[in-house]
Student: 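Mind looking over this structure? Questions follow.
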Amino acid sequence: MGGKRLSGWFDRRGWSDVLIAAPYIWLLLFFLLPFLIVVGMSVATKTSTAPPFSFGGDYPLINLQGYVRAVSDTLYFRSFITSLVSAGIATVFCLLIGYPMALALTRVSKSWRNILLMLVILPFWTSFLLRVYAWMGLMGKSSWFNVGITKIWNALVPAGWAVDFMPMMHSNFAVVLVMVYTYLPFMILPLYASLERLDPTLDEAALDLGSRPWQVFLDVTLPQSIPGIVAGGMLVFIPAAGELVIPTLVGDAASPMIGRVISDQFSSARDWPMASSIAVVLLVLMVVPAMIYGHFQAKAEGSK
Amino acid sequence: MKRRHTFLLSMLCFGFAFFYIPILSMIVYSFNASRLASVWGGFSTKWYVSLFSNKQVIDALILSLQIAFVSACIATILGTMAGIALARFTKFRGRLLFSGLVTAPLIMPEVITGISSLMFFILMAQWVGWPGQRGFTTVTLAHITFSMVFVTTIVQARMLQSDRSIEEAAMDLGSRPWQVLRDVTLPVIFPAIMSGWLLAFTISLDDVVITSFTTGPGSTTLPLLIWSKVKLGVTPDINALATLMVGTVAIGVLIAGIVMHRAERRRQHDEQMAFRANG
Amino acid sequence: MAAAGEPFLRIENVSKFFGSFQAVKDVSLDVAKGEIFSLLGGSGCGKTTLLRMLAGFEEPSSGKIFLDGRDMTGVPPWSRPVHMMFQSYALFPHMSVEKNIGYGLKHEAMSSQQKADRVREMLELVQLVPYATRKPHQISGGQRQRVALARALARQPKLLLLDEPLAALDKKLRERTQFELMSIQHRTGVTFIVVTHDQEEAMTLSDRIAVMDKGEVRQIGKPGEVYEFPNSRFVADFIGSITSFPVTVVERVSKQLRLSVPALGGDVLARDVPGLVEGQEATLAIRPEKLHISKERPEGANAFQGTVKDLAYFGKDSLYRVVLPSGALVQAHAVNASRGGEATRAADWDDRVWISFDPSSAIVLTE
């Protein structure tokens, strides 16, 4: 009887409970709990014990020093600015390069389109680290690329501005360049998806009503691809702003990005509360706006 | 109307040059005889030879593949469950939190995921005595957590596209809901599950940041090994390793492309034959 | 509608190739100002390609198009005084109804007040004033159709192209919209070119029809001409339904032809067709509504006996399928003029009946 009751329960609703519960519990345990630890840690006090934190003691139970320093200390403030500006510039360049590429992909023949799309995705399947590394090879001062750029530069500018090599490595320029390189597919793919859905007869209708091709682009194509631009922009901006690998390998150590600051505070300085405070501020600055936007976007989609 | 897209096509060419010149340069320099990575010193395959005799590299590769395989399999199971649940059950207690938990890892900066996982494992070890030491298990657990949500995204999108009436037909023919899931839903979304697995596998194989926080002594994955070498600068044996990895991926994608192209052609051919048979 | 002097739109020996496929074959036709002219044909007959060449989306491979005396070769779509109502309507989803209607006016040298007035006028014309600020997805299919029409008319085009204007509407709405289109055309005086695959739509809307097949124009004429005097079996078959039999010309008797029709088991008298000679083979086509069905033998020639095999009741009329002794099937429509349902109809299943038709109703075709 018990077995029968159990199988009846399973048929009716147990199967769906299991389906929901397994991934739910997993994410609660391995994602939400660790995240709550970060939030808790951000108001703890640094100690020299192991693990290096405590609540209370000589300090208030909820110690907001980390937050105060995260927003007032020039080092952290500059890191935030560097990160947001670098990620912003990288996003704009991804858009400027990625938009025409995505638009071109919608205009080539079907058979070519699949091959070219595969070529866009291919770098994504190769190691991220190695794509960064590839640029380290190109930017180094004696590489063929740097030598070539230097020659072009020296030929174009007055003699006084001539240089021996281009100081590309270990600069914010290098960080932005490599960000554009590694994140470009993330911009192209959502843009392509939103551009490909557009009805080509709308372009014809606008041409028919007297618009020239560039006006058609501004009036019809661009406004309709805004969801793709926003999606691509978020896919580039958010990971770029928190990037750790790229600034560590090609960035300027004197003006670190915020990802590197968090990592250094955590590992080298062993200041868990400080690292956690910066992390929470970073999340509030970037992730929360993104989630709010996503929520409204989903609502807008639903109302259509 | 024929319109020339000169600007668009030249941007496309520029974009692909931008994508592939660094990779091609890396491949060319992997055959460089000179130790100086950026000066051409003649053709040589010695870096490949030294790579294959480097036990450290081989061990790291094996560890990476093991972690990627195990974490991709578990992430696919959990991610598929979550994807089906979110697509099919529009109302259950805690759905809002659940859908938030499924999106958050996608946009969480890796550094933060890394430090939160590490603090979690350290504190868990202190409070409940588990995990005893960090390594294979902790890295795999962290990889499962952040790759399963990618599987969920793919499966959920596929589920929302699929025709619900075939599930209703199966139920109408006497199947219980979980039998419908097994007999109808899963086979229909199987391609999405496969691409989810592949994505989870790749993400795990590629990860540096989260791995570097959650690993322990003696457990060095291939990306971590590369990371530690690359931090010191450009070396020819990394060029060789990179070439092998790019080559493997390119061949894999090429084979997958050919197989898919063949299947598509076959399907079209079958449809045409069926159409003619009807006509 | 005879054109006075120069035709308003002249299509001269226009052909269009896509690779080696010829979509339009040497089409020539003239359209007068203020006419509603339909291009009628099945899918792939070249009617849409011809329309797209008028709009400027395709250039003819050879031949020329003149509009109001001006050669349109090389004129891009945005410079043509020709606007199109797309089959899918192609409304801009991100713009409101009034923005859609006003879009074409952007390029006009008008004050913003004039533009607003013009949009208002158009909204009134298509009776959409209350919906001005709605987005296309917030209005019904019939309303969308009217927005598309107003948008295309707002810039006062010389020529309005309508691609399957009624195809997306349901049957009731279609009938009403047909009359609306005609009244709007009448009020604005704009020349309409309509592409359609629906012969009823073409018949009711148009002043003249061009029937197209495989890229060629098969016949041009007023709806009545094309229906009553088709010049080929294709046209006769495409517009309305026919029953056709092979015949041989026996002789000419007082402006009539005597034809031998083996399928009917006798001779038939038909209106004379010049050029036919005795002994020549041809086709006899009769429209179902031109056939009379009766239990008694009617007076006059062209009467044959058969058995009712099938009948279908449509309400306003009934369709009879009569088998002749030769085994041939004839279709006849009879109007159900009096109430009383089945009891009052002309014949029943398996009845022996006479079918007959007037010699002037018989169409003799050589193609």
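Treat the numbers as computed from the prediction; the structure is a model and nothing was measured. So that the names make sense, note that chain A is the first sequence line, chain B the second, and so on, each numbered from 1.
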Student: Do E35(C) and R208(C) meet the salt-bridge criterion of a basic N to acidic O distance under 4.0 Å?
Tutor: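 Salt bridge between R208(C) and E35(C), a charged N being under 4.0 Å from a carboxylate O: yes.
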Student: At a 4.5 Å cut-off on heavy atoms, which part of H83(C) comes close to chain A: side chain, backbone, both, or neither?
Tutor: both
Student: Need one label for F92(C): side chain, backbone, both or neither, based on atoms under 4.5 Å from any heavy atom in chain A.
Tutor: both
Student: Can you classify the ring geometry of F57(C) versus F86(C) as parallel (below 30°), tilted (30 to 60°) or perpendicular (above 60°)?
Tutor: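 The arrangement is tilted - the two ring planes meet at 30° to 60°.
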Student: Would you please classify the geometry between the Y103(C) ring and the H107(C) ring as parallel, tilted or perpendicular, with 30° and 60° separating the classes?
Tutor: perpendicular
Student: Step by step, would you call R52(C) with T48(C) a side chain to side chain donor-acceptor pair (under 3.5 Å)?
Tutor: CA-CA 6 Å; R52(C) 290 172 61 80; T48(C) 303; over 6 Å; no
Student: With chain A, which of M84(C), E108(C), Q138(C) has the greatest number of heavy-atom pairs at distances under 4.5 Å?
Tutor: M84(C)
Student: For ring pair (Phe, Tyr, Trp, His ring centres under 6.0 Å), just list the numbers for Y99(A) and F217(A), CA-CA rounded to whole Å, side-chain angles, deciding distance to a tenth of an Å, and then say yes or no.
Tutor: CA-CA 12 Å; Y99(A) 201 107; F217(A) 173 76; 5.6 Å; yes
Student: Given heavy-atom pairs under 4.5 angstrom as the criterion, report whether the side chain, backbone, both or neither of L91(C) touches chain A.
Tutor: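 Only the backbone of L91(C) comes within 4.5 Å of chain A.
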Student: Non-hydrogen atoms of chain C under 4.5 Å away: do they reach the side chain of D208(A), the backbone, both or neither?
Tutor: both
Student: Which atoms of K135(C) are under 4.5 Å from chain A, going by heavy atoms: the side chain, the backbone, both sets, or neither?
Tutor: neither
Student: Counting only non-hydrogen atoms closer than 4.5 Å, does M95(C) touch chain A with its backbone (N, CA, C, O), its side chain (CB onward), both, or neither?
Tutor: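 Contact with chain A involves the side chain of M95(C) alone.
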Student: Evaluate D199(A) against T201(A) for side chain to side chain donor-acceptor pair (under 3.5 Å), listing each step before the verdict.
Tutor: CA-CA 5 Å; D199(A) 179 0; T201(A) 58; 2.8 Å; yes
